[in-house]
Amino acid sequence: MSKKKTILDFQRMKEEGEKVAWITAYDFPTASFAEQAGIDMILVGDSLGMVVKGYDGTIPVTMEDCISHCQDVRRGAPNTFCIGDMPFMSYQTSTEEAVANAGRFLKEADMDAIKLEGGRRVCDQIEAITDAGIVVFGHIGLTPQSSGQMGGFKAQGLHVDSARELIKDALAVEEAGCEALLVEAIPPEVTEFITEKLDIPVYSIGAGLPCDGQLLICGDMLGMFEAFTPKFVKKYANIAEVQTKAFEEYVEDVKSEKFPTDDHVYHIQDSEEEFNKLFEEFN
Ligand code: KIV
């Protein structure tokens, strides 16, 4: 079993050009498979709202939801660097609330870091959480919690003016104390520029190759989330198809009494005669 990585390992991996592979996970089995597969780190994303709970977006997700799923993931992946995602309104309202909620991810769910969305507008929170001794991952570009302001789940930084704002945000969150930055759904040219400009590791979800590693949402890459698939997703499996087919076969087997067979039952240990006597007692 490999040793749990720390933020220093991720810094070294950036310096040595070794890419980081991370996914989201929300439950015990997925986390344990990820750890067995050698995934470098796990994000317990507030995307759980869509992938696990069937909401349209991440807005309804609560601190209690996030803490509970972080606990499940930690039990499944005790030796993997895990990041708790701060849900909508758990850090926007004040620096005090941001620090208190960030702390809960460490105290109650044994997370190694937290992630929050936004650039310059959340720098006070990043500074305060970092000052409390907590590792903070930034997240800019397509930030799902503010998709309303963006007019939907849309790629960002496609034009010079918006790319300039992204670069300013990236520089600001590093300055505020972030120890890594996730860029989502931005062009690879902008990703590359930000990655070269920043000393901290820069990771992509839908932001191309030229950076320090890649993140995918487990439901997307496993083919389990059918509501929509973003352009940037590569599907490594089609679990929805496998699962639905298995359920269909089960229904068919139950209806036709092909299941259970003799292999699937527990056999009596006393004689049939003794059991018949027992049944008679109740007749
Ligand atoms: O919640 C999440 O999974 C995320 C990704 C979209 C990056 O924040």
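All ligand and atom numbering here is 1-based and tracks the order in the structure. Everything numeric here is computed off the predicted structure, so don't read it as measured data.
Here the CD-CE distance, from Glu35 to Met41, works out to 14.5 Å after rounding to the nearest 0.5 Å. Expressed to the nearest 0.5 Å, how far CG of Leu43 lies from CD1 of Ile217 amounts to 8.0 Å. Note that CG of Asp72 is 9.5 Å distant from CZ of Phe28, once rounded to the nearest 0.5 Å.
Residue Gly45 approaches ligand 1 through these ligand atoms, each under 4.0 Å from one of its heavy atoms: 1 (O), 2 (C), 3 (O). Interface atoms of ligand 1 facing Asp85, defined by a heavy-atom separation under 4.0 Å, are 1 (O), 2 (C), 4 (C), 8 (O). Below 4.0 Å from some heavy atom of Leu215 lie the following atoms of ligand 1, by number and element: 7 (C). Shown in contact with Leu43 at under 4.0 Å from a heavy atom are these atoms of ligand 1, numbered in order with element: 2 (C), 3 (O), 4 (C). Numbered from 1 in the order shown, with element, the atoms of ligand 1 that lie under 4.0 Å from a heavy atom of Leu182 read 7 (C). Those atoms of ligand 1 that come under 4.0 Å of a heavy atom in His139, given as number and element, are 7 (C), 8 (O). Of all atoms in ligand 1, numbered sequentially from 1 with element shown, those under 4.0 Å from a heavy atom of Thr24 are 3 (O).
A side chain to side chain contact (heavy atoms under 4.5 Å, CB included) with Arg104 holds for exactly one of Met86, Glu64, Met111; it is Glu64.
When atom types are taken as modelled, the side chain of Gln145 and the backbone of Thr143 share no donor-acceptor pair closer than 3.5 angstrom. Panel note: side chain His69, backbone Cys66; no donor-acceptor pair is recorded below 3.5 Å.
For atom 2 (C) of ligand 1, the nearest protein heavy atom (residue, atom name, distance) is Ser47 OG, 3.2 Å. The protein atom (non-hydrogen) at minimum distance from atom 8 (O) of ligand 1 is Lys115 NZ, 2.9 Å.
Residue Tyr236 is not grouped with residue Val242 when hydrophobic side chains (ILVMFWY) are merged at heavy-atom distances under 4.5 angstrom, including chains of intermediate members.
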